[in-house]
Amino acid sequence: MSNGIPCPGCLDTRSRVLETRMVVEGLRRRRLCTGCGQRWTTVELSAAAPVPVVAPVAACVASPAERGGPRKQRH
Ligand SMILES: [Zn+2]
């Protein structure tokens, strides 16, 4: 299964994921290159991590800190 992450050894993108583990930063994967057999680890930052947000009811004023940030809405 291709996932587009090139091997640091031969830059082949056909790597296999040996192990996926949840860490604080996101998802940590151990990968095995099917081309040269190199193993390495990647950490994927998870933007979808559940973050508790407590918003005040009258929060109608847009704060500058929110500008440009990732905005996700679920329905
Ligand atoms: Zn490789």
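Counting starts at 1 for both ligands and their atoms, in listed order. It should be emphasised that the depicted structure is a prediction, and the values quoted were computed from it without experimental measurement.
- With rounding to the nearest 0.5 Å, the separation of CG in Leu11 from SG in Cys33 is 9.0 Å.
- Residues Leu27 and Met22 are in side-chain contact: their nearest non-hydrogen atoms beyond the backbone lie under 4.5 Å apart.
- Applying the side-chain contact (heavy atoms from CB on, under 4.5 Å) criterion to Leu18, with sequence neighbours excluded, gives Arg16, Arg30, Leu32, Arg39.
- With values rounded to the nearest 0.5 angstrom, Gln38 atom CD is found 11.0 Å from Ser15 atom OG.
- Protein N/O/S atoms closer than 2.8 Å to the Zn ion (ligand 1): Cys7 SG, Cys10 SG, Cys33 SG, Cys36 SG.
- With values rounded to the nearest 0.5 angstrom, Glu19 atom CD is found 9.0 Å from Arg28 atom CZ.
- When the side chain to side chain donor-acceptor pair (under 3.5 Å) test is applied to Thr20, the partners found at least two apart in sequence or on another chain are Arg29.
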